[in-house]
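As structure tokens, the structure follows; a few thoughts come after it.
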Protein chains: 2
Amino acid sequence: MDKEALFQKFVAFTTAVHEVTYELTKDIKPDDITPVQYSILEYIAVSQPVTLSQISDCKDISMPNTSREIKKLTEKNLCEKFNVAEDRRKQLIRLSKAGQTMMNGAFQRIGGRFAERIKDVSIEQLEDIERALDMLQSKVFYDGK
Amino acid sequence: MDKEALFQKFVAFTTAVHEVTYELTKDIKPDDITPVQYSILEYIAVSQPVTLSQISDCKDISMPNTSREIKKLTEKNLCEKFNVAEDRRKQLIRLSKAGQTMMNGAFQRIGGRFAERIKDVSIEQLEDIERALDMLQSKVFYDGK
DNA sequence: ATATTTTGTTATCAAATGATAAGTAAAGGG
DNA sequence: CCCTTTACTTATCATTTGATAACAAAATAT
């Protein structure tokens with residue numbers, strides 16, 4: 001087993017994943033929010049409710065800049081802050097009704113494109129795919145922190 | 001087979017791939033070039049020689065902006081242009097000696113991190129991984145253009 | 001031969017992002 | 001009770017990136 005060759009394959013694979021992700025999410029984001037803002041909304045959507053610090057850590061954006069972007073998103077009525085009783089320094093963030101609707105629509109369209117992409121794959125192959133995703137995620141693409 | 005569940009798994013997987021890519025390439029880029037410049041150099045490294053138009057297409061950067069960044073990279077002595085005899089409008093780009101050295105070093109360090117990541121995986125599992133990468137790339141992460 | 005298309009350049013400009021300093025308010029530790 | 005740390009905010013600035021217009025030169029089409 002040639003580890004060098006596997007690394008080559010790994011690089012080609014991750015490049016392909018990035019390209020497909022780009023294709024699937026292309027033109028999904030509304031024009032009135034920036035790419036960074038959209039990626040923050042994605043994160044909130046899957047992890048809500050989250051604190052400012054969590055967003056800052058996970059998206060690698062400094063606290064001041066996170067605060068600024070959340071403020072803009074709040075002003076656009078896409079998310080809302082609420083206080084947490086136990087620790088009054090913290091602010092939990094969740095999507096607003098409008099934000100939830102927007103992100104639901106986005107995920108729906110991405111899901112449609114994904115379905116289109118795998119439309120010719122047989123049931124058995126879909127199961128192979130599912131197993132392969134699980135296996136790779138546990139052996140290679142695990143969270144190493 | 002629940003396609004909705006598969007989509008969920010797909011989203012989690014691509015997120016994991018992006019995070020691992022981030023971890024592997026973190027702090028690899030020299031400080032004196034910008035992220036976009038580094039990504040252009042990566043592309044040149046694996047596809048050289050390339051034309052300006054190819055970079056513009058593949059990296060989704062407008063021609064004027066591609067021209068500007070290539071100019072900066074050339075000034076930093078990381079890549080060089082040369083003319084192609086058949087079509088004198090075209091300019092082929094390749095890494096300079098210094099650029100090649102820089103990118104070799106970068107890939108080496110990324111490869112080392114990758115090796116660390118899979119160090120506990122058995123030979124048989126490495127073969128499973130290789131097959132899974134091939135299969136997913138052909139069935140899911142293919143280039144749909 | 002002339003018009004059009006392709007390939008790339010230069011020059012601006014605006015917007016998005018990143019970085020830093022200074023501040024507030026609450027929590028926690030001694 | 002004071003001191004330190006945590007969580008977040010506000011303000012400001014520099015850099016990076018994206019977008020557009022106007023141009024030139026070579027190739028190709030009519």
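The structure presented is a predicted model; accordingly, all values stated were derived computationally and were not measured. Below, read A as the first sequence line, B as the second, and so on, with proteins coming before strands; counting in each chain starts at 1. Heavy-atom basis, side chains included; hydrogens, waters and symmetry copies ignored.
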Contact class for [X] vs. all strands (heavy atom < 4.0 Å): base, sugar-phosphate, or nothing?
X      : answer
E69(B) : nothing
Q54(A) : nothing
P35(B) : sugar-phosphate
T66(B) : nothing
D87(A) : sugar-phosphate

For [X] and [Y], work out which heavy atoms get closest and say how close.
X       : Y       : result
K9(B)   : D134(A) : NZ-OD2, 3.0 Å
Q37(A)  : L73(A)  : CB-CD2, 3.9 Å
Q100(A) : Q48(A)  : OE1-NE2, 3.0 Å

What's the closest nucleotide to the [X] side chain, out of [options]?
X      : options                  : answer
R89(B) : dA26(D), dA7(D), dT10(C) : dA26(D)
T34(A) : dA16(C), dA26(C), dC8(D) : dA16(C)
M63(A) : dG8(C), dA27(C), dT9(D)  : dT9(D)
K90(B) : dC8(D), dT10(D), dG8(C)  : dG8(C)
T51(B) : dG8(C), dT20(D), dA11(D) : dG8(C)

Separation of [N] [atom2] from [X] [atom1] (nearest whole Å):
X      : N       : atom1 : atom2 : result
D57(B) : dG8(C)  : CG    : C1'   : 13 Å
L52(A) : dT9(D)  : CG    : C1'   : 9 Å
D31(A) : dA19(D) : CG    : C1'   : 14 Å
I70(B) : dT17(D) : CD1   : P     : 13 Å
I61(B) : dT16(D) : CD1   : C1'   : 12 Å
E86(B) : dT6(C)  : CD    : P     : 19 Å
L92(A) : dT6(D)  : CG    : P     : 19 Å
N65(A) : dT9(D)  : CG    : C1'   : 12 Å

Is there a donor N/O on one and an acceptor N/O on the other, under 3.5 Å, for the side chain of R68(A) and the base of dG18(C)?
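Counting by modelled atom types and ignoring angles, a donor-acceptor contact under 3.5 Å is found here.
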
Side chain to side chain, D143(B) and E23(A), heavy atoms closer than 4.5 Å
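The answer is no; the side chains never approach within 4.5 Å.
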
On the nucleotide [N], are OP1 or OP2 found under 4.0 Å from the side-chain N or O atoms that [X] carries?
X      : N       : value
S67(B) : dT10(C) : no
K81(A) : dT9(D)  : yes
S62(B) : dT20(D) : no

Please confirm whether R117(B) makes a cation-pi placement over F141(A), using NZ or CZ under 6.0 Å from the six-membered ring centre and within 45° of the ring normal.
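The answer is no; the distance or angle limit is not met.
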
Salt-bridge test for E69(A) and K72(A): reply yes if a basic N is under 4.0 Å from a carboxylate O, no otherwise.
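Yes.
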
